[in-house]
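Written out below as structure tokens is the structure these notes cover.
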There are 2 protein chains.
Amino acid sequence: MSSNADSLANSVWTRPPRSRGGQPALSRGQIVRAAIELLDEKGLDGLSMRRLGSRLAAGATSAYWHVATKDELLELALDEVMGEIEVPEAGAADWRTAAAALAHGLRAMILRHPWVTGLFGVRPAVGPNAMRMSDRVVGVLTAAGFSGMQVAYASSLLMSHAIGSATTEAAWRRSIAPSGKTADEVVDEMRPYIDELASRYPNYGAWWRENNAINVDAMQDDNFAFGVERLLDGLQSWLDRDAGDRHDAGRP
Amino acid sequence: MSSNADSLANSVWTRPPRSRGGQPALSRGQIVRAAIELLDEKGLDGLSMRRLGSRLAAGATSAYWHVATKDELLELALDEVMGEIEVPEAGAADWRTAAAALAHGLRAMILRHPWVTGLFGVRPAVGPNAMRMSDRVVGVLTAAGFSGMQVAYASSLLMSHAIGSATTEAAWRRSIAPSGKTADEVVDEMRPYIDELASRYPNYGAWWRENNAINVDAMQDDNFAFGVERLLDGLQSWLDRDAGDRHDAGRP
DNA sequence: CCGTCGCTCGTACAGTGTTCGAGCAACGCA
DNA sequence: TGCGTTGCTCGAACACTGTACGAGCGACGG
């Protein structure tokens with residue numbers, strides 16, 4: 001819930017972790033780490049406060065002293081994994097490779113922790129690690145020559161692509177995971193069904209008849225890389241084209 | 001649960017006239033529609049099977065005869081709202097405006113039904129309406145000159161941007177919704193907190209000092225539109241550049 | 001020695017998704 | 001006409017969820 005009016009100003013991030021004197025058998029960091037383990041193993045639905053308690057060899061509700069609510073715990077977990085993403089500092093590499101590194105890093109993190117896809121749409125990611133990442137990106141893009149709102153727009157474009165793409169990918173992986181088969185095996189088994197679909201959707205059908213020999217896993221990587229390159233091309237050409245009159249741009 | 005996806009396409013979407021046996025006070029379409037209403041009003045957590053039952057003036061578990069599980073109901077709801085997106089047919093407009101229409105339509109749908117952001121990452125959207133949309137996009141992009149895997153990559157790029165962008169946007173809106181204030185009011189109230197943040201993150205801080213007079217709502221629209229244009233520029237230049245040797249492309 | 005503080009945890013409550021089976025209305029067939 | 005079958009609804013029950021509350025415990029300052 002936490003529906004405080006000043007939602008951002010008094011969220012988890014402004015409140016220091018509680019722990020002082022006694023013998024804190026539990027700490028906030030420890031709880032968050034255990035929660036991430038559970039989430040990685042069993043997904044978003046697999047995390048319950050009771051389960052978390054027993055994994056920590058603690059009572060079912062002990063975590064509630066360190067963390068106000070389960071949502072808040074998820075927010076902390078999200079920011080924690082956000083910290084795994086590395087973005088080069090502004091001057092360390094040319095901006096295209098730095099931006100590409102951000103996109104690929106963000107995607108890789110999401111695929112490592114697929115449960116974050118269920119969190120991105122709920123509360124904005126504004127924890128310290130997310131902020132650190134934003135800061136780096138702003139630095140890189142400013143150094144590249146973007147200015148004003150275009151800095152924000154370009155950074156949002158990069159992250160949106162990574163989030164959207166990896167979300168779709170995660171959904172696909174999750175749907176084949178319980179079968180225990182590889183992606184290619186699953187596609188092979190689905191061929192009759194896909195053929196039937198292709199017969200009902202003309203454009204898709206025509207495409208499928210010429211492109212049904214695919215290596216699914218390699219395709220996912222290529223797909224993402226292709227998107228990143230096109231997107232960087234688009235940003236690059238914007239940079240080249242309007243090098244002079246960028247002041248009132250943004251509303252074409 | 002592999003859920004036979006032809007279920008919706010068949011007879012359930014038939015109108016009130018009659019289905020078969022007794023007096024079916026409930027139908028699948030009716031259930032899905034009521035679920036969407038509830039989801040729009042109260043969000044993903046606001047939908048419970050009991051609440052759905054009572055909104056339909058039916059028993060708490062009556063829906064379970066028409067729908068195997070709550071997840072399946074959500075899948076149906078997702079595909080239903082997917083049907084709201086319009087994509088022009090292949091020849092109806094030049095490909096850039098058609099592609100832009102898809103992206104904007106998808107974003108608008110997500111902002112109208114923000115709960116879908118919690119669904120995209122869970123199961124792939126492969127219902128009939130999603131397929132119809134994919135089919136249109138494939139048609140548009142093929143006519144534009146893309147071929148082979150690039151058709152799939154380009155379409156995925158468009159949709160990823162819309163999904164990622166709207167997901168982030170939906171999160172932001174949700175975080176300010178309970179306060180009842182406008183986005184700009186919230187930003188104004190958050191200014192001290194943001195200033196404090198800006199002092200701790202150098203690049204972001206420098207940017208913020210020059211760009212703190214923003215109209216948040218207009219910015220969201222511009223942000224998305226900017227991304228779509230950059231992305232289409234990138235695709236366009238790929239189209240122009242490799243007009244001849246596109247056969248083995250995709251792995252640069 | 002006592003009080004207080006930091007912290008844990010058992011219990012309880014309202015709510016969840018889903019299963020099961022009893023029950024009812026209408027139909028096809030005898 | 002009667003009967004069995006089928007399509008559908010729904011109340012009760014089960015195992016589980018997030019969270020509030022308060023009793024209790026160990027360590028510390030006075």
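Throughout, protein chains are lettered first and strands after them, A, B, ... in sequence-line order, and every chain is numbered starting at 1.
Every residue two or more places apart in sequence or in another chain that forms a side chain to side chain contact (heavy atoms under 4.5 Å, CB included) with Thr61(B) is listed here: Tyr64(B). For Asp195(B), the salt bridge (Lys or Arg N to Asp or Glu O under 4.0 Å) test picks out no residue, with sequence neighbours left out. For the salt bridge (Lys or Arg N to Asp or Glu O under 4.0 Å) test, residues two or more places apart in sequence or in another chain that qualify with Asp221(B) are Arg107(B). Partners of Glu185(B) according to the salt bridge (Lys or Arg N to Asp or Glu O under 4.0 Å) rule, which considers only residues two or more places apart in sequence or in another chain, do not exist here. Partners of Glu84(A) by salt bridge (Lys or Arg N to Asp or Glu O under 4.0 Å), not counting sequence neighbours, listed by chain and number: Arg112(A).
Taking 4.0 Å as the cut-off between side-chain N and carboxylate O, Glu169(B) and Arg174(B) do not count as a salt-bridged pair. One finds a salt bridge joining Asp188(B) and Arg191(B) here, because a Lys/Arg side-chain nitrogen approaches an Asp/Glu carboxylate oxygen to under 4.0 Å.
Between His66(B) and dG7(D) there is no side-chain polar atom (N or O) within less than 4.0 angstrom of OP1 or OP2.
Applying a 4.0 Å cut-off to non-hydrogen atoms, the residues of residues 39-47 of chain A that approach DNA chain D are Leu47(A), listed by residue number.
Protein atom CH2 of Trp65(B) is 18 Å distant from nucleotide atom P of dT18(C), rounded to whole Å. Per the geometry, CG belonging to Asp71(B) stands 16 Å off P belonging to dT16(C), to the nearest Å. In this structure, Tyr64(A) places its OH atom 6 Å from P of dG18(D), rounding to the nearest Å. Summarising the geometry, the separation between CZ on Arg28(B) and P on dC8(D) is reported as 12 Å, rounded to the nearest angstrom. Here the P atom of nucleotide dC8(D) and the CD1 atom of Ile31(B) are 11 Å apart, to the nearest Å. Note: CE (Met49(B)) to C1' (dT19(C)) measures 13 Å, nearest angstrom. Residue Leu56(B) contributes atom CG, which lies 15 Å from atom P of dC8(D) at whole-angstrom precision. One atom, NZ of Lys70(A), and another, P of dT17(D), lie 9 Å apart when rounded to the nearest Å.
Every pair passing ring-ring contact (aromatic ring centres under 6.0 Å, His included) that includes a residue from residues 158-181 of chain A is listed here, sequence neighbours excluded: His161(A)-Phe224(A). Listed by first then second residue, pairs satisfying side chain to side chain donor-acceptor pair (under 3.5 Å) with a partner in residues 38-55 of chain B read Glu37(B)-Arg55(B), Asp40(B)-His113(B), Asp40(B)-Trp115(B), Glu41(B)-Arg55(B), not counting sequence neighbours.
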Could I get a table of every N or O pair under 3.5 Å where one atom is in the protein and the other is in nucleotides 11-16 of chain D?
residue	atom	partner	partner atom	Å
dG11(D)	O6	Thr61(B)	OG1	2.7

